[in-house]
Every structure is written in C-alpha cells, then in structure tokens.
Peer 1: 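Can you read through this structure? Questions will come right after.
Predicted, not measured: the structure shown is a model, and the values here were computed from it.
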Number of protein chains: 2
Amino acid sequence: MAVSPEEKYREFLATKNQRMTRERAIIVDEVFSSHEHFDAEQLIQRLAQRTDGRRVSRSTIYRSLALLEEAGLIRRVARQDDRDVFEHDYGYPQHDHLICNRCGTLLEFHSEEITQVLEKVAREHGFRIEGHRLEVNGLCDRCCRPPETRPKKLNLL
Amino acid sequence: MAVSPEEKYREFLATKNQRMTRERAIIVDEVFSSHEHFDAEQLIQRLAQRTDGRRVSRSTIYRSLALLEEAGLIRRVARQDDRDVFEHDYGYPQHDHLICNRCGTLLEFHSEEITQVLEKVAREHGFRIEGHRLEVNGLCDRCCRPPETRPKKLNLL
DNA sequence: TTGGCTGCAAAACTTTTGCATTGTC
DNA sequence: GACAATGCAAAAGTTTTGCAGCCAA
C-alpha cells in the first residue's frame with residue numbers, strides 16, 4: 001500500500017485545517033495494529049485504561065472514530081449488542097459479512113456478482129451508489145445445529 | 001392473504017401463553033394501517049399522544065415491537081439517525097433497500113439474483129442463512145447531483 | 001500566538017426495567 | 001382468581017457536548 005493509514009489520516013486532517021495530535025496518532029495506530037473488527041467500547045477499553053502515558057479519553061475516541069470514518073479509513077459494518085461494529089476500510093478489499101446468530105462470529109466474503117447486481121438495480125432506479133452494507137445472519141459452520149424454530153436474537157440459552 | 005396480522009399475532013401470543021390485550025391490538029392495528037417504514041419514536045408519537053382512549057405508553061410500545069418482531073410480523077430493516085427502522089414482514093415479499101443519503105428516502109427492490117448468490121456463498125462457508133439485511137446507500141434519482149467529495153452522514157447543509 | 005484539541009463531567013437520547021395497579025382468560 | 005400486562009418513573013447504556021486548560025502549527 002502506498003501510503004500508511006497515519007499518513008492518509010494526516011492528509012485528510014490537513015484538508016480540513018485540523019491537526020494531527022498525539023491522541024489522534026495513538027488512536028489510528030491502535031486501530032490499524034490489527035485487522036480485527038471492533039466497537040467503540042473495545043477501543044476505549046484498550047486506550048482509556050493505559051497508564052503508560054498513551055491514554056486517550058472516551059470523548060476523544062468517539063470524536064476520532066467519526067473522523068476516521070469520514071476520512072475513509074474505517075467504516076461501520078454491522079450492529080452487535082446495540083453497538084456499531086467497525087472495520088478497516090482503507091487498504092482492505094470490499095467485502096460483506098456472514099454473522100453467526102449464536103456465537104457472533106463475523107465471516108468476511110467477497111462477491112463480485114453482488115456488486116454487479118447492485119449496479120444493475122441502481123441503474124434501473126436512477127440511483128447513484130456510494131456504498132452498501134450487507135449482513136447475512138444465520139448459523140456458522142460450528143454452530144450449525146438446527147435452532148428451535150425462528151431467528152431470534154441471543155436468548156437461546 | 002389468509003390470516004390478518006391481528007389474527008396471526010393472536011395465534012403467536014397463544015403459543016406463548018400470552019394475552020391479546022387492548023393495547024396490543026391498538027398497536028398491531030396502527031402498525032399495519034400503512035405500509036410505510038417507521039421507527040419506534042414515530043409510532044410513539046402516533047400512539048402515546050392520543051387522547052381518545054386509545055393511548056398506549058412508551059414502554060408498552062417498545063415491548064410490543066419486540067413481540068411483533070419475534071412473531072415475524074415486522075422486522076428491522078435499517079438504521080437511520082441512530083434508530084432502528086421497521087417494516088412489515090408478514091404478507092410482504094422479501095426485498096432490500098436503496099437509501100438516499102441526502103433525503104433519507106427508502107426505495108425497495110427485490111433481486112432473486114442476490115438470494116442465489118448468497119446461497120452459493122453460504123454453501124461455500126458451511127453457513128446456514130436465516131436472513132439478511134442489505135442497505136445500499138447513495139443518492140436517489142431526485143437528489144442525484146454530485147455531492148462535495150465523499151459519502152457523509154447528514155451534515156451537508 | 002492562535003485556534004483547534006483534550007478531558008472531564010454533565011447532558012442527551014434511545015431503550016429497558018422494577019413495581020404497584022389493572023385487566024385478560 | 002391467577003397471573004400476565006400496563007404505565008410510570010427511574011435506570012441503564014451508548015454517544016454527544018460545554019467548557020477550561022492545553023498544545024500543534
């Protein structure tokens with residue numbers, strides 16, 4: 001990849017006359033240290049409890065997530081337990097998710113066919129696509145034993 | 001359609017040893033009085049401010065939405081402005097949505113091809129599909145003039 | 001030096017819940 | 001008459017915001 005996430009973030013900030021602060025660097029660094037999906041609370045747990053001088057406050061983390069999203073570095077992909085789940089958008093190929101209703105696992109997949117179908121549909125409606133979000137829910141390989149009767153949330157015991 | 005939503009709701013409640021109350025009837029009635037999408041707050045506005053003796057409290061509306069979803073009468077289709085958006089599930093064909101980032105319009109569409117692609121993908125992953133949610137966001141026909149640069153939320157003036 | 005940024009605490013919002021009362025079956 | 005349901009108010013949980021002090025450019 002040509003430009004690092006930090007660098008891309010810096011460029012984005014520059015265009016808005018905003019500053020690359022110590023805190024913003026810490027956050028983008030932490031966010032891109034692994035490819036795992038995460039939600040705000042998880043990031044807060046990792047950053048707001050540090051004692052090594054790299055602590056970042058809850059408010060700043062929320063403010064940064066909005067900025068990182070706007071910068072195109074991360075995107076919201078799903079909702080779990082009433083929280084938005086984020087993932088890398090920059091330097092990561094377009095994909096969608098299979099979400100297990102039982103264990104919560106997110107499986108990524110990519111399908112060019114879906115992109116094509118969506119483009120066709122959009123054309124028919126005079127719609128200009130900017131993005132999409134596709135969550136397929138069900139049971140993953142490991143949890144694949146028939147559930148009671150219907151797709152429920154999490155209140156299977 | 002063979003059975004009315006009220007009737008289907010009553011049957012569902014019976015299987016759970018729960019009761020068809022005046023409030024639940026009012027709610028299912030209001031929900032199925034139109035095919036529009038709605039969120040909890042909108043329903044509350046319509047029901048919690050009535051003075052004609054058909055008022056229903058906020059708590060009861062939230063409790064009923066969960067029940068109606070469990071009964072398969074409605075389903076959550078999208079998120080807008082931090083709220084879940086519901087639509088009819090019963091007596092309504094499977095479909096997905098084009099969501100306009102500017103005016104918020106929800107356009108429904110159906111594509112058998114998407115269903116087929118998803119089934120193929122699931123098969124490849126040993127995944128058992130229970131449902132999906134596909135939101136395509138962008139600009140609708142009417143709003144289709146190029147935005148500044150990138151997909152933002154609602155902070156275009 | 002200036003204007004943006006952070007952290008804190010408080011607020012804002014949506015959704016859930018405990019409990020006394022009411023009502024369905 | 002038993003037990004589920006309602007309404008209220010309070011709580012819970014996530015996300016946002018006002019403001020004083022701080023800091024990047």
Peer 1: Once you round it to whole Å, what is the distance between C1' of D/dT6 and CZ of B/Arg22?
Peer 2: 10 Å
Peer 1: Using a cut-off of less than 4.0 Å, is there contact between a side-chain N or O of A/Tyr62 and OP1 or OP2 of D/dT16?
Peer 2: no
Peer 1: Taking the nucleotide of DNA chain D with the nearest heavy atom to each, does A/Glu23 or B/Arg58 sit closer to the 5' end?
Peer 2: B/Arg58
Peer 1: Taking atom CD of A/Glu36 as the centre, does the number of heavy atoms from other residues, nucleotides or ligands within less than 6.0 Å exceed 12?
Peer 2: no
Peer 1: Whole Å only: how far is the CG atom of B/Asp81 from the C1' atom of D/dT16?
Peer 2: 15 Å
Peer 1: Does a side-chain N or O from A/Thr60 land closer than 4.0 Å to OP1 or OP2 of C/dC5, or not?
Peer 2: no
Peer 1: Starting from P on D/dA11, measure out to CG on A/Asp82 and report it in whole angstrom.
Peer 2: 20 Å
Peer 1: To the side chain of A/Ser59, which of D/dT14, C/dG18, C/dG7 is closest?
Peer 2: C/dG7
Peer 1: Of the listed nucleotides (C/dT15, D/dA5, C/dG4), which one gets closest to any side-chain atom of A/Gln18?
Peer 2: C/dG4
Peer 1: Checking contacts here: which listed nucleotide (C/dT2, C/dT15, D/dT15) is nearest the side-chain heavy atoms of A/Arg19?
Peer 2: C/dT2
Peer 1: Give the rounded distance in Å between these two atoms: CG of A/Leu47 and C1' of C/dT6.
Peer 2: 14 Å
Peer 1: On DNA chain C, nearest-nucleotide positions of A/Thr21 versus B/Ile44: which is more 5'?
Peer 2: A/Thr21
Peer 1: Hey, does B/Leu43 have a side-chain heavy atom less than 4.5 Å from the side chain of B/Leu65?
Peer 2: yes
Peer 1: In whole angstrom, give the distance that lies between atom CD1 of A/Ile26 and atom C1' of C/dC5.
Peer 2: 13 Å
Peer 1: Any chance you could lay out the salt bridge (Lys or Arg N to Asp or Glu O under 4.0 Å) test for A/Glu11 and A/Lys16, step after step, and finish with the verdict?
Peer 2: CA-CA 9 Å; A/Glu11 289 167 6; A/Lys16 297 190 67 185; over 6 Å; no
Peer 1: Apply salt bridge (Lys or Arg N to Asp or Glu O under 4.0 Å) to residues A/Asp29 and A/Arg54 and explain how you reach the verdict.
Peer 2: CA-CA 11 Å; A/Asp29 190 45; A/Arg54 286 172 61 82; 3.3 Å; yes
Peer 1: Answer yes or no: does a side-chain N or O of B/Ser57 lie under 4.0 Å from OP1 or OP2 of D/dC8?
Peer 2: no
Peer 1: Measure from CG on B/Asp39 to C1' on C/dC13 and round the result to the nearest Å.
Peer 2: 13 Å
Peer 1: Check the orientation of B/His88 and B/Tyr92. Use parallel for under 30°, tilted for 30 to 60°, and perpendicular for over 60°.
Peer 2: perpendicular
Peer 1: Would A/Arg75 and A/Glu70 count as a salt bridge (Lys or Arg N to Asp or Glu O under 4.0 Å) here? Give the steps.
Peer 2: CA-CA 9 Å; A/Arg75 64 181 193 125; A/Glu70 202 184 331; over 6 Å; no
Peer 1: Identify the heavy atoms of B/Ile44 and B/Tyr62 that sit nearest to each other, and give their distance.
Peer 2: CD1-CE1, 3.8 Å
Peer 1: Taking the side chain of B/Met20 as heavy atoms from C-beta outward, which of C/dC25, D/dA24, C/dG18 is closest to it?
Peer 2: C/dC25
Peer 1: Can you pull out how bent the helix from C/dT1-D/dA25 to C/dC25-D/dG1 is, comparing the axes over its first five and last five pairs, to 10°?
Peer 2: 40°
Peer 1: Give, for atom CZ of B/Arg46 and atom OG of B/Ser33, the distance between the pair rounded to the nearest 0.5 Å.
Peer 2: 6.0 Å
Peer 1: So, OP1 or OP2 of D/dA5: does either fall under 4.0 Å of a side-chain N or O from B/Arg24?
Peer 2: yes
Peer 1: Starting from P on C/dT16, measure out to CD on B/Glu41 and report it in whole angstrom.
Peer 2: 13 Å
Peer 1: Reckon A/Arg55 has a side-chain N or O less than 4.0 Å from the OP1 or OP2 of C/dC8?
Peer 2: yes
Peer 1: What nucleotide among C/dT16, D/dA25, D/dG18 has an atom nearest to a side-chain atom of A/Arg10?
Peer 2: D/dA25
Peer 1: Please give, in whole Å, the distance from C/dT6 C1' to A/Leu65 CG?
Peer 2: 15 Å
